[in-house]
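Below is one structure; the comments refer to it alone.
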Amino acid sequence: MINVEETLRSLIGGALKKAASDRGVELVGEPVIMLEKPRREGQGDWASNVAMQMAKAFGASPREIAQAVVDRLDLESGYLDRAEVAGPGFINFFLSPLWASEVVAGIRRQGEAYGRCGIGRGRKVQVEFVSANPTGPLHVGHGRGAVVGDVTANILAAAGWEVEREYYINDAGLQMTLLGKSVQSRYFDLLGRSDAAPFPEDGYKGEYIYDLARELVDRDGDVHLEEPLETSLPVFQAHAVEAILGMIRRDLKDFGVCYDVWFSEKSLYDSGAVREAAEFLKKRGFAYEKDGAVWFKATEFDDAKDRVLFRSNGVATYFMSDIAYHKNKYDRGFDLVIDVWGADHHGYVPRMTAAVESLGRKAEDLRVLLIQFVNLLRGGEQVAMSTRSGQFVTLRDVIDEVGVDASRYFFVMRSCDSHLDFDLALAKEASNENPVYYVQYAHARIHSLFREAAGRGVALSGEDVDLRLLDTAEEQALIRKLAAFPEEVAKASEELAPHRVTFYLYDLASHFHSFYNAHRVLDAEPDLRRARLVLLDATRITLANALGLLGVQAPQNM
RNA sequence: GCGCUCGUAGCUCAGUUGGAUAGAGCAACGGACUUCUAAUCCGUAGGCCGCGGGUUCGAAUCCUGCCGGGCGCGCCA
């Protein structure tokens, strides 16, 4: 399919140079030609402000230069209908019906591949997301991170990156001990010996801890009652981590999220990677000892203060293992590493970036997506959540109540750095306030129409169809929206902005519904009918591909 | 106190390398099915883009000072 932007750029560049030489103006270097999509109707399909930027070099008014460029445009290709000067000196370009028919035909040729592009150039990117401690079930906030990470990965893959998804398991450190002790205490409690193993301060109080203890009672009976607490602790801890991790995997899988790698923090210690990373930093002069602790020279980079790597008691900090982890990531050959974190960790970004630079990578080789909190509502009322008491709405609850499609859509609907109001009642209602159904309905409607067409013996064919018959305002607007999909994917991948896809989808569905209400398809004249069926097929493909990026079903009927 | 972040229509939000008259959805109001799915469409109304300065041909966008919300600031994770 033709690349409109490239074609336009070279057309404009040629005309601009001609205009310059005609006026005896010397251009310094290649002019950078900016193209954008005008927002308003009547301002063409593309616009360029090149005349305004050239005002100084030409010593002429922007409008004058714009006109000179327009007069020298080569319209031979046939894709460009006309160009006109507008406003303070914009040049508006109007694409031709020939271009529009090429778009539609191209989409059907590409099918599932439509929307993909090559800007990733096969580079390797890792997206690490969720990575919740295996100390309890995933809650709503994790759900948002899960979908944002998963959809971002989908988008990057569509943009030509080689993508790996990874879950980092924090299975080392104090929290694990605390988890084990919590289960241990509940175990003793269940067997009527709560006095022997008091519940730890700041222990995990959720009901699921009792469930885990009960499983051990069923499995091992009361044998652990007689053992010293230190002896049985690893048993409780191992069972808890294994069981909880299993639950997390199931929840994510049922949510449509699949990982390539589950990476254990503990393995970094076992393999000596933590020690090696520390040595690496010392050798490069980024680590030093003070007050009995080992410090990282974060201030060498762009962080406010130096950070502790090893406490004076010799124990590594979480930050230290994180450095080892990121070193491991880059050693695995990733060109770009993306971390998806909760927004409450934003203070951690400068030091992690500093660490990445100390490893010899550029700051841009790490991108952190900070996910703001989810405000859970039900029918406009805030749902009370308290981590302390162990009472919170789990991701599983949300999936069970709302369903996967609506949940996923709602979780990526907003930009990451915006708080998200998630109304459970709204998300599961087939309400007109619910954008998921609006978009899915568009897809189902097209399939319904195809079924009706088949029933009437009308075949969908790409042969001998004159797509230039699609000349109504609604058809042209729909085609332009279809044509924008690949660049939308490209932008979403560059900005790491998965929410863009939901906005695009809604817009596309809206253009389809408008067309559908304004025009008849099956009752049209045979030539027009064939053209419209082809247009709807292209729409169906684009809707399905975009929904696919979100991991949301594209139903054939509703 | 320092730092990050957000502040756009009544509500929820788009608007990212500075561009033309700031856009959607919902809510409100008024219309459209004997028809391929009305889970739809069409129209009306709704705005000191938090406030004040600055940068320039041009600012919701960049800089700066305030105001307000959220979050962070440990040899915790």
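Quick note on labels: first sequence line is chain A, next is B, and so on, each numbered from 1.
In this structure, Asn517(A) atom CG and rG43(B) atom C1' are separated by 14 Å, rounded to whole Å. Taking atom CG of residue Asp171(A) and atom P of nucleotide rA77(B), one finds them 14 Å apart after rounding to whole Å. Rounded to whole angstrom, the span from the CD atom of Gln556(A) across to the P atom of rA39(B) amounts to 19 Å. Phe512(A) places its CZ atom 13 Å from the P atom of rC42(B), with the value rounded to the nearest Å. Computed from coordinates, the Ile169(A) CD1 to rA77(B) P distance equals 19 Å when rounded to whole Å. In this structure, CD of Glu488(A) is placed 11 Å from C1' of rA14(B), rounded to the nearest angstrom. To the nearest angstrom, C1' of rC13(B) lies 13 Å from CZ of Phe410(A). Computed from coordinates, the Asn49(A) CG to rC57(B) P distance equals 15 Å when rounded to whole Å.
Within the structure, every side-chain polar atom (N or O) of Ser514(A) is placed at least 4.0 Å from both OP1 and OP2 of rU40(B). Note on Ser510(A): every side-chain N or O is 4.0 Å or more away from OP1 and OP2 of rA24(B). The side chain of Thr317(A) contributes no N or O atom lying less than 4.0 Å from OP1 or OP2 of rC76(B). Regarding contacts with the backbone of rC76(B), a side-chain N or O of Arg311(A) is found under 4.0 angstrom from either OP1 or OP2. The phosphate of rC41(B) has OP1 or OP2 within less than 4.0 Å of a side-chain N or O from Tyr438(A).
Side chain of Thr353(A) to backbone of Val349(A): a donor-acceptor contact under 3.5 angstrom is found. One N or O on the side chain of His511(A) and one on the backbone of Asp507(A) form a donor-acceptor pair closer than 3.5 Å.
Rounded to whole Å, the P atom of rG65(B) lies 30 Å from the corresponding atom of rA22(B). Comparing the P positions of rC49(B) and rG10(B) gives an interatomic distance of 12 Å, to the nearest angstrom. Taking atom P on both nucleotides, rG23(B) is separated from rA60(B) by 12 Å, rounded to a whole Å. When the P atom is used for both rC48(B) and rC11(B), the distance is 12 Å, rounded to whole Å. Spacing between rA20(B) and rG1(B) at atom C1', rounded to whole Å, works out to 45 Å. Atom P of rG68(B) sits at a distance of 22 Å from the matching atom of rC62(B), rounded to the whole Å. Separating the C1' atom of rU61(B) from that of rG19(B) is a span of 11 Å, rounded to the nearest Å. Atom C1' of rG3(B) sits at a distance of 49 Å from the matching atom of rG43(B), rounded to the whole Å.
Taking the six-membered ring for Trp and thresholds of 30 and 60 degrees, His345(A) and Tyr348(A) have ring planes more than 60 degrees apart, a perpendicular arrangement. Note on ring orientation: taking the six-membered ring where Trp is involved, the planes of Tyr325(A) and Phe263(A) are tilted (angle from 30° to 60°). Note: Phe503(A) and His499(A) have perpendicular aromatic rings, judged against thresholds of 30 and 60 degrees for the angle between ring planes. Between His447(A) and Phe450(A), the angle of the ring planes goes over 60°, which puts this pair in the perpendicular group of the 30/60° scheme.
With hydrogens and angles ignored, no donor-acceptor pair under 3.5 angstrom links the side chain of His345(A) to the base of rG72(B). For rG72(B), the base has no donor-acceptor partner in the side chain of Asp344(A) [N/O atoms by modelled type, under 3.5 angstrom].
In summary, the aromatic rings of Phe301(A) and Phe286(A) are positioned with their centroids under 6.0 Å apart. Within the 6.0 Å centre-distance limit, the rings of His513(A) and Tyr438(A) are counted as a close aromatic pair.
Using a 4.0 Å heavy-atom distance criterion, Phe450(A) is classed as making no nucleic acid contact. His513(A) comes within 4.0 angstrom of sugar-phosphate atoms only, judged by non-hydrogen atoms across all strands, and of no base. Note on Leu522(A): a base of the nucleic acid sits closer than 4.0 angstrom, heavy atoms only. Nucleic acid contact class of Phe503(A) (heavy atoms, under 4.0 Å, all strands): sugar-phosphate only. Within 4.0 Å of Met413(A), counting heavy atoms only, lies no atom of the nucleic acid at all. As judged by a 4.0 angstrom heavy-atom cut-off over every strand, Asn557(A) is placed among the base-contacting residues. Note on His443(A): nothing from the nucleic acid sits closer than 4.0 angstrom, heavy atoms only. At a threshold of 4.0 angstrom between heavy atoms, the contacts of Asp291(A) include nucleobase atoms, whether or not backbone atoms are also involved.
Listed nucleotides rA39(B), rA20(B), rA77(B) differ in distance to Ala47(A); the shortest reach to its side chain belongs to rA20(B). The side chain of Ser418(A) lies closest to rC13(B) when the candidates are rC41(B), rC4(B), rC13(B). Listed nucleotides rA20(B), rG72(B), rU40(B) differ in distance to Asn92(A); the shortest reach to its side chain belongs to rA20(B). For Ser312(A), taking side-chain heavy atoms from C-beta onward, the closest of the listed nucleotides rA77(B), rC41(B), rC75(B) is rC75(B). Among rA77(B), rA38(B), rG15(B), the nucleotide with an atom closest to any side-chain atom of His499(A) is rG15(B). In this structure, of rC41(B), rA77(B), rU40(B), it is rU40(B) that holds the atom nearest to the side chain of Arg445(A). Closest approach to the Val308(A) side chain among rC73(B), rC13(B), rC75(B) is made by rC75(B) (side chain taken as heavy atoms from C-beta onward). Of the candidates rC75(B), rA77(B), rU12(B), the closest approach to any side-chain atom of Arg414(A) belongs to rU12(B). Side-chain proximity of Ala86(A) to the nucleotides rA20(B), rC36(B), rA14(B) is greatest for rA20(B). Distance from the side chain of Tyr516(A) is smallest for rA38(B) among the nucleotides rA38(B), rA77(B), rC13(B).
Heavy-atom nearest nucleotides on RNA chain B were determined for Arg520(A) and for Tyr318(A), and the one closer to the 5' end corresponds to Arg520(A). Each of Ala316(A) and Ser48(A) was assigned the nucleotide of RNA chain B with the nearest heavy atom; the assignment lying further toward the 5' end belongs to Ser48(A).
Residue Asn517(A) places its CG atom among more than 12 non-hydrogen atoms of other residues, nucleotides or ligands, all under 6.0 Å distant. Around NZ of Lys181(A), the count of heavy atoms belonging to other residues, nucleotides or ligands within 6.0 Å does not exceed 12.
Minimum interatomic distance between Val436(A) and Ala406(A) (heavy atoms only, all atoms of both residues): CG2-CA, 3.8 Å. Here the closest non-hydrogen pair linking Asp171(A) and Ser264(A) is OD2-OG, 2.7 Å.
The aromatic ring of Tyr506(A) does not sit over the base of rA24(B); the criterion of centres under 5.5 Å apart with planes under 30° is not met.
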Pair assignment for RNA chain B - dot-bracket with | for other-strand partners, Watson-Crick or G-U under 3.5 Å:
(((((((..((((.....[...)))).(((((.......))))).....(((((..]....))))))))))))....
